Amino acid sequence: MTDPEFSRPHRLDQIGAGESDVRITADEGERAALSRRFGLKTIETLDAVYHLRRDAQGVVARGHLSARLTQACVVTGDPLPAKVEQDFAIRFVPEPTTTGEDEVELTEDECDTVFYSGGTVDLGEAAAETMALELDPYPRSPRAADVLRAAGVKSEDEAAPVNALAGLKDLLAKK
């Protein structure tokens with residue numbers, strides 16, 4: 001397995017009894033590598049603020065992610081600026097053993113779960129994955145509908161199944 005493009009390992013022994021605050025920022029090379037990984041035109045900024053605290057199961061990380069990026073329209077390839085401003089809650093828990101006997105008990109606090117091994121959690125990779133989950137999977141530019149229409153692709157309204165079966169009622173009434 002290769003190292004993540006935006007790795008910010010944080011040692012568990014640096015998280016004290018209370019809450020620790022950590023701010024991370026992706027540099028130009030990391031943003032370029034993440035753009036390739038996620039199929040984006042560019043990532044102009046990617047920052048995250050973490051509030052970390054330990055609990056009985058692992059580490060709870062709450063915070064905020066900010067990103068400015070450019071996606072490509074899935075139809076035209078046109079650049080589409082996007083902004084991600086997302087609060088998050090992540091629970092880092094130790095990687096389960098291969099015996100299958102250990103179970104991870106998820107709590108009611110609605111945290112996403114990320115597994116770790118060793119004595120560190122990777123805050124950079126968690127931020128990258130949080131950003132990716134917030135992206136529009138099918139971004140469309142204002143020109144997309146015209147380009148699709150010119151290619152012969154019908155819109156949902158034009159392809160409504162009700163119109164295709166409109167004459168069926170009359171045919172059944174004749175019987």
Side-chain angles (χ1 to χ4, degrees), residues 1-10 21-52 59-93 106-116 121-172:
M1 186 171 144
T2 61
D3 289 334
E5 300 88 343
F6 178 37
S7 183
R8 291 294 186 280
H10 190 79
D21 293 339
V22 178
R23 177 179 295 273
I24 61 171
T25 299
D27 67 27
E28 184 178 348
E30 292 164 333
R31 293 190 316 268
L34 287 170
S35 294
R36 287 188 296 276
R37 174 177 165 190
F38 296 124
L40 302 171
K41 288 195 173 276
T42 62
I43 300 174
E44 291 83 26
T45 63
L46 174 56
D47 305 291
V49 176
Y50 285 89
H51 309 289
L52 305 170
V59 175
V60 174
R62 295 188 187 280
H64 186 81
L65 177 113
S66 297
R68 282 185 310 121
L69 53 102
T70 303
Q71 292 184 272
C73 171
V74 294
V75 176
T76 65
D78 292 346
L80 296 170
K83 195 173 189 179
V84 175
E85 294 290 338
Q86 182 64 39
D87 291 330
F88 59 82
I90 300 170
R91 179 178 301 281
F92 292 96
V93 295
L106 298 179
T107 61
E108 71 282 346
D109 59 4
E110 301 291 323
C111 289
D112 291 330
T113 301
V114 175
F115 294 106
Y116 71 88
V121 294
D122 193 338
L123 302 180
E125 179 61 14
E129 290 176 6
T130 298
M131 179 197 70
L133 288 171
E134 294 303 314
L135 297 176
D136 181 349
Y138 303 104
R140 289 197 174 191
S141 73
R143 292 186 329 118
D146 293 337
V147 170
L148 288 171
R149 193 174 309 105
V153 177
K154 292 183 178 184
S155 69
E156 289 181 26
D157 295 334
E158 295 169 329
V162 173
N163 295 338
L165 302 175
L168 186 58
K169 182 178 177 185
D170 294 336
L171 286 174
L172 293 173

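Bear in mind that the values here come from a model prediction, so they are computed numbers and not experimental data.
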Pairs of donor and acceptor atoms involving the side chains of residues 126-140, under 3.5 Å and at least two apart or interchain, shall be tabulated with distances.
from	atom 1	to	atom 2	distance (Å)
T130	OG1	A126	O	2.8
D136	OD1	Y138	N	2.9

Please enumerate all residues that pass side-chain contact (heavy atoms from CB on, under 4.5 Å) together with R23, with sequence neighbours excluded.
V49

Only counting residues at least two apart or in another chain, list the ones meeting side-chain contact (heavy atoms from CB on, under 4.5 Å) with V59.
L12, I15, L52, R54, F92

With side-chain contact (heavy atoms from CB on, under 4.5 Å) as the criterion, how do R31 and E44 come out once you've worked through the C-alpha distance, each side chain's angles and the decisive distance to 0.1 Å?
CA-CA 7 Å; R31 293 190 316 268; E44 291 83 26; 5.6 Å; no

Hey, are the side chains of [X] and [Y] touching, using non-hydrogen atoms and a 4.5 Å cut-off?
X	Y	value
F88	D112	no
V93	T113	yes
L46	L65	yes

To the nearest 0.5 angstrom, please state how far the [atom1] atom of [X] sits from the [atom2] atom of [Y].
X	Y	atom1	atom2	result
E5	F38	CD	CZ	6.5 Å
I43	S35	CD1	OG	4.0 Å
Q71	K41	CD	NZ	11.0 Å
L123	F6	CG	CZ	9.0 Å

Where do G63 and H51 come nearest, in terms of heavy atoms and distance?
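Closest pair (atom of G63, atom of H51, distance): CA-CD2, 4.1 Å.
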
Heavy-atom closest contact (D27 atom, G29 atom, distance)
OD1-N, 3.1 Å

Do you see a donor-acceptor pair shorter than 3.5 Å between the side chains of S7 and D122?
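Yes - a donor-acceptor pair under 3.5 Å links their side chains.
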
Answer yes or no: is there a donor N or O on one side and an acceptor on the other, between the side chain of R8 and the main chain of T25, under 3.5 Å?
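Looks like yes, one N/O pair under 3.5 Å.
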
Backbone N or O of T42 within a donor-acceptor pair of the T70 side chain at under 3.5 Å?
no

Using a 6.0 Å cut-off, check whether atom NZ of K83 has over 12 heavy atoms from anything other than its own residue.
no

Give a yes or no on whether E28 atom CD has more than 12 heavy-atom contacts from other residues, nucleotides or ligands under 6.0 Å away.
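12 or below, so no.
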
For R143 and D146, run salt bridge (charged side-chain N to carboxylate O under 4.0 Å, His left out): C-alpha distance rounded to whole Å, both residues' side-chain angles, the deciding distance at 0.1 Å, then the answer.
CA-CA 6 Å; R143 292 186 329 118; D146 293 337; over 6 Å; no

